[in-house]
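In listed order, ligands and their atoms are each counted from 1. These numbers were taken from a predicted model, which means no experiment stands behind them.
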Amino acid sequence: MFVTGLKCFKCGTTYEMTPTAYTCPACAGTPGDDGILDVQYDYHALSNIFPDLIKKSGRYDVFRFLPLLPISEPTNVLPVGGTPLVAAPRLAARLGLKSLLLKDETRNPTRCLKDRATAIAVTLATANGYRDMYCASAGNAAISLAGFCANHGLGCHVFVPSEASQTRLNWLRRYGADIHVSTGNYDQAYDEAERAGAENGWYSRNCAFNPFLVEGKKTVAFEMGEQLGWQAPDLIVAPVGDGCTLGAIGKGFRELEAVGLTDEIPQLIGIQSEAIQPLVRRHRGDDSGGDNGNAQAASIAVRRPRNTLRLLSEIRLSNGLMLGVSDEHISSAQRTLAEEAGVVAEFTSAAALAGLIQLAEHESLENKSAVLVITGGRLDSDF
Ligand SMILES: *Cc1c(COP(=O)(O)O)cnc(C)c1O
Ligand SMILES: [Zn+2]
């Protein structure tokens, strides 16, 4: 393994790599952001050899990128990754872009990018002797975990908010998960999951707190880099809830630069729902205002984001920005994606296109290349 250690985003303490590490012990109980640990690697040792190593792996799933993952060997989990970049020339023309590509994560085994993190979680859980796993989720992370646990024969305990849709609960039932419906929102379900996980000694698939799961999500950036001939696009746009997904994409591109594969990193554009946009405010440095509305974009309805420091750091390093969009614009973007690109995204995922359309209204995107991350494809209602 090329892992050199774990570093806390909040206090900067570094720790030795241990497969059961969780949040930073030194930051436990301190107010403000959580002490999220970040996996560090020896990029120098990998420079020049990374492309050969991935080719020699002979794999087209997340384990293709094993040298930059915190695991020593792949496991036989549901195959994740290797998703296509879909060209969207009609949308590119409409927005005045040089090119627009859609990274179609709806093609993963449970129809969502979340599967990339789950693959790593199941690998680490089984390698360390766990028989049960848990997570808190608006739906997709739980469904992903439930599918992988069904395939692997692991106990799966999921904590979902009171407003979880029937569609999502049905998916959880199909996979045979042990379902806990909270009386509150996602943030309450998260606290309940953490408590139950600690009490019962289950393995956590909570992507922000478990430092190894973002490493699975960053493989989406490695794939985009490779599919584009190791050239970063100018812009990458993705919906943001806890901040793990876009934070992971930023890390992935910086790692490609660190091992000498790309010269530039893309500008990251994070999209939240106007009704719940704590990270838009944090990025602006604006403490006023709160989130009292209800957002239809359930998968990013996070009022207390857990991976704030990572996300804000990646946005800053990429010279990126955070935008809030209305449900109305997301709904219209969802139809546009189907009608003008032939891709059916779930409501939350369509926020990425709504954000890009909003950006194009404020600045010229001429001569720019952009990638929208279509994070998931599970429909809660027809459109
Ligand atoms: C979870 C999720 C996101 C946001 O990911 P975070 O890591 O919470 O920022 C975006 N889109 C979909 C479909 C998701 O399920
Ligand atoms: Zn710390």
Presence of salt bridge, D187 and R306, under 4.0 angstrom: yes

Original post:
Between K251 and E314, is the closest basic N to carboxylate O distance under 4.0 Å?
Top reply: no

Within the 2.8 Å cut-off the protein N, O or S neighbours of the Zn ion (ligand 2) are C8 SG, C11 SG, C24 SG, C27 SG

TODO: Could you tell me whether R168 and D380 have a side-chain N and a carboxylate O separated by less than 4.0 Å?
DONE: yes

| Aromatic ring pairing Y134/F159, orientation class (parallel under 30°, perpendicular over 60°, tilted between) | perpendicular

The side-chain contact (heavy atoms from CB on, under 4.5 Å) partners of S99 (sequence neighbours excluded) come to S369

dist N185:CG -> N294:CG (nearest 0.5 Å) comes out at 9.5 Å

One thing to verify: whether R111 and E346 come together as a salt bridge, which I'm taking to mean a side-chain N less than 4.0 angstrom from a carboxylate O. no

| message | Quick one, T4 and Y41 - any side-chain contact, counting heavy atoms below 4.5 Å? | response | no

Taken in chain and number order and not counting sequence neighbours, the residues that satisfy side chain to side chain donor-acceptor pair (under 3.5 Å) with D61 are R59

Atom pairs, nitrogen or oxygen, ligand 1 to protein, under 3.5 angstrom:
residue, atom, partner, partner atom, Å
ligand 1, 5 (O), T245, OG1, 2.9
ligand 1, 7 (O), K217, NZ, 3.2
ligand 1, 7 (O), C244, N, 3.2
ligand 1, 7 (O), T245, N, 2.9
ligand 1, 7 (O), T245, OG1, 2.8
ligand 1, 8 (O), D242, N, 2.8
ligand 1, 9 (O), G241, N, 2.8
ligand 1, 9 (O), D242, N, 3.3
ligand 1, 9 (O), G243, N, 2.9
ligand 1, 11 (N), T375, OG1, 2.7
ligand 1, 15 (O), K114, NZ, 2.8
ligand 1, 15 (O), N140, ND2, 2.8

